[in-house]
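Quick notes on the structure that follows.
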Amino acid sequence: MVELKKSGMLRGSLSAEEQISLISGFNDLKLALEGAIFVQECVPENLELKLKIFADLDSYINDSAIISSSTSCLSPRKMFNGLKHVKNCIVAHPVNPPYYVPLVELVPHPKTDAVTVEKTYSLMKKIGQSPVKLLKETDGFVLNRLQYAVVSEAWRLVQDGVISPRDVDIVMSEGLGMRYAFLGPLETAHLNAEGFKSYCERYGESIERVLATFGPIPTFSGEVAEKIDQAFTEDLTDKPNQLQARREWRDACLSRLAKLKQEMKKN
Ligand SMILES: NC(=O)C1=CN([C@@H]2O[C@H](COP(=O)(O)OP(=O)(O)OC[C@H]3O[C@@H](n4cnc5c(N)ncnc54)[C@H](O)[C@@H]3O)[C@@H](O)[C@H]2O)C=CC1
Ligand SMILES: O=C(O)[C@@H](O)C(=O)[C@H](O)[C@@H](O)CO
C-alpha cells in the first residue's frame with residue numbers, strides 16, 4: 001500500500017479495508033496478506049519466479065482475496081494453472097509509467113470467476129486507472145500486440161533506409177500520437193471518413209496493398225538496434241543521467257496531458 005501510494009498509483013482514495021498489498025518480497029508475505037482483499041504481484045518478468053510467488057500466495061491467501069499479476073505478456077494459463085484459488089486469479093497489466101498512464105489490461109485465466117474480473121475492474125477504476133477487459137488471453141495481450149506491430153514496422157523502415165530513427169518517432173509523436181492521445185485507431189479511422197464503413201470503402205484496398213508489403217519479423221539485435229540506440233543517445237552524451245533526465249521530461253509531459261484529458265472529459 002505504502003509503495004503504491006509513493007508511486008502515485010493510488011490516484012483515487014481507497015477506504016482502509018480496501019487494502020492493496022504490493023508483494024515484492026517473501027519476508028513480508030504473511031503480514032502483508034492479513035486481511036488483504038487484493039494482491040498485485042510486481043516481481044520481474046520471470047515465469048519461474050512468478051510461479052514461486054503464486055504458489056506461496058495460494059497457500060496464504062484467504063478465499064475471498066484476488067491474486068493479480070502485473071505481467072507484460074506471460075500467459076495466465078501458465079501462471080495460474082493448478083492453483084487452489086485459480087478462480088480468484090487475474091492479470092492486471094499496467095503501462096509504463098503506471099502513475100501517469102492509466103491503462104490496465106485485465107486478462108482472465110479460463111477459470112477466472114466473472115466476480116474476480118468485476119471486482120478488479122471496479123477497484124482499478126476506484127484508484128483512477130482505466131481498465132479494459134480482455135475476453136480471452138492472447139500472446140502479448142492487446143497493448144503489446146499493438147505496440148510491437150508499431151515498433152516492428154518502425155524497425156523495418158529504419159532497416160530499409162526509408163527514414164531515420166528520430167524522424168520515424170516524429171511521425172508518431174507529431175502525427176499519429178497527437179490523435180491517439182485522445183482517440184483510438186478505430187475511431188480515428190471512423191472520423192477520417194463518413195464512418196468506419198465509409199473509411200473501408202475509401203481506403204480498404206490501399207490498406208491491404210500496403211500491408212502486403214510489410215516485411216518479415218525482425219530479429220531485435222545487431223546493427224539496426226545499434227543505429228537506433230545511437231540516434232537517441234548522440235546529442236545527450238554530454239548530459240549526465242541522460243536517460244533519467246529524458247524520463248523525467250516524459251513524465252512531466254504525461255502529467256500535463258493527463259490533466260488536459262481530465263478537463264476534456266468534463267466538456
Ligand atoms: N516496468 C514497466 O514499465 C512495466 C512492467 N510490467 C511488469 O511488471 C513486472 C515488474 O516489472 P518491473 O517493475 O519493471 O520490475 P523491477 O525489476 O523494476 O521490479 C521488480 C520488483 O521485484 C522485486 N524482486 C526482484 N526479485 C525478487 C524476488 N526473487 N522475490 C521477490 N521480489 C523480488 C524487486 O525488488 C523489485 O521491487 C514485470 O512482470 C513486468 O513485465 C508491466 C508493465 C510495465
Ligand atoms: O509500457 C509498456 O510497454 C509496458 O506495458 C510493458 O508491457 C513492457 O514494458 C513492454 O513494453 C516490454 O515488452
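In listed order, ligands and their atoms are each counted from 1. Heads up: numbering here begins at 1 and tracks the sequence.
Residues Lys259 and Ser255 have side chains that bring a donor and an acceptor to within less than 3.5 angstrom of each other. A donor-acceptor contact closer than 3.5 angstrom is absent between the side chains of Gln242 and Thr233. Asp251 and Tyr99 are linked by a side-chain donor-acceptor pair at a separation below 3.5 angstrom, with hydrogens and angles left out of the test. Residues Ser70 and Gln40 bring a donor and an acceptor atom of their side chains to less than 3.5 Å of each other. Side-chain atoms of Glu137 and Ser75 include a donor-acceptor pair closer than 3.5 Å.
Below 4.0 Å from some heavy atom of Cys42 lie the following atoms of ligand 1, by number and element: 10 (C), 20 (C), 21 (C), 22 (O). Of all the atoms in ligand 1, the ones that sit under 4.0 Å from a non-hydrogen atom of Val43 are 9 (C), 10 (C), 22 (O), 31 (C), 32 (N), 33 (C), 38 (C), 39 (O). Listed by number with element, the atoms of ligand 1 under 4.0 angstrom from any heavy atom of Lys50 are 38 (C), 39 (O). Those atoms of ligand 1 that come under 4.0 Å of a heavy atom in Thr71, given as number and element, are 39 (O). Taking every non-hydrogen atom of Glu45 and a distance limit under 4.0 Å, the qualifying atoms of ligand 1 come out as 38 (C), 39 (O), 40 (C), 41 (O). Close approach of ligand 2 to Tyr148 (heavy-atom distance below 4.0 Å) involves ligand atoms 10 (C), 12 (C), 13 (O). Close approach of ligand 2 to Pro94 is summarised as follows: ligand atoms under 4.0 Å from at least one heavy atom of the residue are 5 (O). Close approach to Leu143 involves these atoms of ligand 2, each under 4.0 Å from a residue heavy atom: 5 (O).
Atom 4 (C) of ligand 2 has His93 NE2, 3.9 Å as its closest protein atom, hydrogens excluded (heavy atom only). With hydrogens left out, the protein atom closest to atom 1 (O) of ligand 2 is Asn96 N, 3.0 Å, a heavy atom. Taking atom 3 (O) of ligand 2 as the reference point, the nearest protein heavy-atom neighbour is Gln147 NE2, 2.9 Å. Annotation: atom 9 (O) of ligand 2 to nearest protein heavy atom, Ser72 OG, 4.2 Å.
In terms of modelled atom types and a separation under 3.5 Å, the side chain of Thr112 and the main chain of Cys89 share a donor-acceptor contact.
Looking at Pro44, Pro97, Ser72, it is Ser72 that brings a heavy atom closest to atom 6 (N) of ligand 1.
Tracing side-chain contacts under 4.5 Å through hydrophobic residues (I, L, V, M, F, W, Y), one reaches Val158 starting from Val171; they form part of the same cluster.
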Passes salt bridge (Lys or Arg N to Asp or Glu O under 4.0 Å), Lys266 versus Glu263? Steps please.
CA-CA 5 Å; Lys266 290 173 193 148; Glu263 282 163 31; over 6 Å; no

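Under 4.0 angstrom from ligand 1, the non-hydrogen atoms of Leu49 all belong to its side chain.
One finds the NE2 atom of His190 at 11.0 Å from the SG atom of Cys200 (value rounded to the nearest 0.5 Å).
Remark: Lys133 is positioned above the aromatic ring of Tyr121, its terminal NZ or CZ atom under 6.0 angstrom from the ring centre and at most 45 degrees off the axis.
Ligand 1 lies nowhere less than 4.0 angstrom from a heavy atom belonging to Lys52. Within the structure, ligand 2 lacks Glu45 among the residues with a heavy atom less than 4.0 angstrom away.
Note: no N/O pair closer than 3.5 Å links Val95 and ligand 2 by distance alone. Not a single N or O atom of His93, backbone or side chain, sits closer than 3.5 Å to an N or O atom of ligand 1.
Heavy-atom neighbours of Asp160 CG from other residues, nucleotides or ligands within 6.0 Å: above the threshold of 12.
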